[in-house]
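For reference, the structure is listed below as structure tokens.
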Amino acid sequence: MVLDTRGINVWCAAGKKTFSTEEVIRQVQRVGLDRVVSHRELILPQLGAPGVSAQAVKKDCGFKVTWGPIRARDLPAFLNNGRKAETEMRQLTFSIAERTVLIPVELSLIVKPSLIILLAVFILSGISPNIFSFSAAWFRGLNGAVAYLFGIVAGAVFVPILLPWLPMRQFYIKGILTGLVAGIFVTFSLGASVTRLESFILLLLTTAVSSYAAMNFTGATPFTSPSGVEKEMRQGIPIQIIAVVTVIIAWVAAPFVS
Amino acid sequence: MQNFRYLNNVTTLELDVEKCIGCGMCGIVCPHTVFKVKNPKARIVDQDACMECGACAANCPTAAISVTPGVGCAFYIIQTWIKRKDAVIECC
């Protein structure tokens with residue numbers, strides 16, 4: 001029996017109530033399942049459980065829910081085993097492959113806001129003692145853009161890949177760590193094309209961007225609790241805001257002080 | 001998931017042992033081995049492994065379990081902080 005979750009995986013759909021008690025009952029009644037099969041058992045994927053109450057399904061459409069394994073490929077063994085799940089069948093993994101495959105989606109969500117931010121970087125970079133300088137906008141803007149993009153890579157690519165090996169449980173701190181490394185790399189690479197002050201500003205930018213991008217990865221993991229995410233956000237976001245405001249003010253001020 | 005631990009002492013998971021009838025559903029549906037069901041009722045054995053997905057509370061026949069589920073995505077949470085109660089919140 002098919003439930004339409006609009007291309008979203010079962011677990012997220014269960015959490016958002018797309019894969020829900022109501023939807024299961026509706027489909028059972030819509031296809032007339034009680035006339036199609038003589039038994040009264042529905043095997044549902046285990047990760048649908050957050051959205052489906054087994055008791056309510058039984059009560060409202062007469063079908064008993066059996067919670068199957070997490071992965072469909074374990075179904076044959078599950079069925080042969082008399083509907084008993086081995087421990088591995090009920091255990092989640094978050095291997096490096098499973099983490100890496102999430103990166104393109106995370107990046108695709110960052111594209112639009114990034115374009116706006118990069119535009120702002122170029123405009124702010126052009127503010128100069130001569131009101132506005134297009135060459136400064138371009139050259140300083142490029143440096144700012146590179147620092148920003150390295151921050152995205154540090155937070156949205158390297159934190160997912162290196163996740164279990166990065167110290168500290170808070171994702172925003174893991175992002176600070178990879179961001180510092182990326183930022184130091186950027187400032188060394190830019191070398192003499194930026195002033196000392198600008199180097200520090202860019203380092204701060206890369207670190208702050210990486211921290212925010214890493215913090216957003218919490219929504220893609222199978223082990224972070226919303227309460228925990230909210231707690232670390234109350235620490236991380238003020239830090240990120242202060243860092244970004246400092247970057248903006250200092251970056252605009254830099255041509256006036258050197 | 002042994003080497004993936006998140007913050008301690010934050011989850012809203014609660015089990016009312018009085019109401020528990022030892023059916024074992026929580027142990028079956030939990031994706032993180034938070035519960036152990038034996039002799040003859042359920043116990044929380046790893047509170048900090050709970051990710052508040054809500055599977056246990058949804059499937060407990062006696063409503064012995066409560067947890068406040070939510071979306072654990074930073075961008076989503078930010079929107080709940082700044083948007084009005086009835087506003088539509090963007091989520092992937």
Side-chain angles (χ1 to χ4, degrees), chain A residues 8 11-12 14-16 20-21 44 46-56 58 65-67 70 85 87 90-94 105-106 108-110 113 163-165 169-172 212-234 236-237, chain B residues 1-14 21 23-36 46-65 67-82 88-92:
Chain A
I8 302 290
W11 204 8
C12 287
K16 301 301 289 298
S20 64
T21 305
L44 297 183
Q46 181 183 336
L47 294 180
V52 177
S53 158
Q55 305 86 261
K58 175 93 187 293
V65 170
T66 299
W67 289 111
I70 289 180
T87 329
R90 297 217 182 277
Q91 271 178 358
L92 287 170
T93 53
F94 202 32
V105 156
E106 294 287 302
S108 71
L109 295 169
I110 293 175
L163 195 64
W165 305 296
R169 302 249 173 113
Q170 296 93 321
F171 281 50
Y172 84 87
Y212 181 77
M215 198 175 68
N216 254 313
F217 188 61
T218 53
T221 75
F223 69 98
T224 51
S225 62
S227 296
V229 173
E230 207 165 333
K231 180 172 177 188
E232 74 153 282
M233 284 169 67
R234 289 183 199 281
I237 288 190
Chain B
M1 296 291 302
Q2 288 86 344
N3 43 350
F4 292 104
R5 303 293 300 188
Y6 198 41
L7 307 189
N8 292 335
N9 303 319
V10 289
T11 109
T12 55
L13 178 68
E14 280 173 18
I21 58 172
C23 73
M25 277 298 254
C26 54
I28 291 173
V29 297
C30 176
H32 283 294
T33 62
V34 169
F35 297 95
K36 206 171 170 97
D46 194 351
Q47 175 103 10
D48 290 328
C50 173
M51 63 179 288
E52 301 177 313
C53 72
C56 54
N59 283 276
C60 177
T62 58
I65 301 176
V67 68
T68 315
V71 180
C73 164
F75 181 53
Y76 184 97
I77 293 176
I78 290 173
Q79 291 179 79
T80 64
W81 287 350
I82 61 183
V88 171
I89 297 183
E90 286 174 29
C91 177
C92 54

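Numbered from 1 within each chain, the chains take letters A, B, ... in sequence-line order. Bear in mind the structure is a predicted one, so any value in this text is a computation, not a measurement.
A 4.5 Å side-chain heavy-atom check between B:W81 and A:I237 finds at least one atom pair inside the cut-off. At a threshold of 4.5 Å between non-hydrogen side-chain atoms, the residues A:V229 and B:Y6 count as touching.
In terms of heavy-atom proximity, B:A74 sits nearest to A:T218 at N-OG1, 3.9 Å. Taking each heavy atom of A:L92 and B:P31 in turn, the nearest pair found is CD1-CB, 3.6 Å. The nearest pair of heavy atoms linking B:V10 to A:S225 is CG2-OG, 3.9 Å. Residues A:R90 and B:I28 come closest through the heavy atom pair CD-O, 3.3 Å. Between A:A54 and B:N59 the shortest heavy-atom distance is N-OD1, 2.9 Å. Taking every heavy atom of both residues into account, A:P222 and B:H32 meet most closely at O-NE2, 2.7 Å.
Heavy-atom pairs under 4.5 Å with chain B were tallied for A:P226, A:G15, A:G219; the largest tally goes to A:P226. Most heavy-atom pairs under 4.5 Å with chain A, from the set B:A49, B:A58, B:C56: that is B:A58. Annotation: maximal heavy-atom pairing with chain A below 4.5 Å, among B:A57, B:C53, B:C30, occurs at B:C53. Looking only at heavy-atom pairs under 4.5 Å with chain B, the residue among A:R234, A:Q170, A:M215 that has the most is A:R234.
Only the backbone of B:C60 comes within contact range of chain A, with heavy atoms under 4.5 Å apart. With a 4.5 angstrom heavy-atom cutoff, A:W165 does not touch chain B via any of its atoms. Looking at A:V52, the atoms closer than 4.5 Å to chain B (heavy atoms on both sides) all sit in the backbone: N, CA, C or O. Residue B:T68: no heavy atom, backbone or side chain, is found under 4.5 Å from chain A. The contact between B:C50 and chain A is made entirely by backbone atoms, counting heavy-atom distances below 4.5 Å. The part of A:Y212 that comes within reach of chain B is its side chain, from C-beta onward, which places non-hydrogen atoms under 4.5 angstrom from that chain.
Interatomic distance, CE of A:M233 versus CZ of B:F75, reported as 10.5 Å (0.5 Å rounding). Note: A:K231 NZ to B:N9 CG = 7.0 Å, rounded to the nearest 0.5 Å. Separation of atoms CG (B:L7) and CD (A:E230) is listed at 12.0 Å; rounding is to 0.5 Å.
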Checklist line | Test side-chain contact (heavy atoms from CB on, under 4.5 Å) applied to A:T221 and B:M51, step by step | finding: CA-CA 10 Å; A:T221 75; B:M51 63 179 288; over 6 Å; no

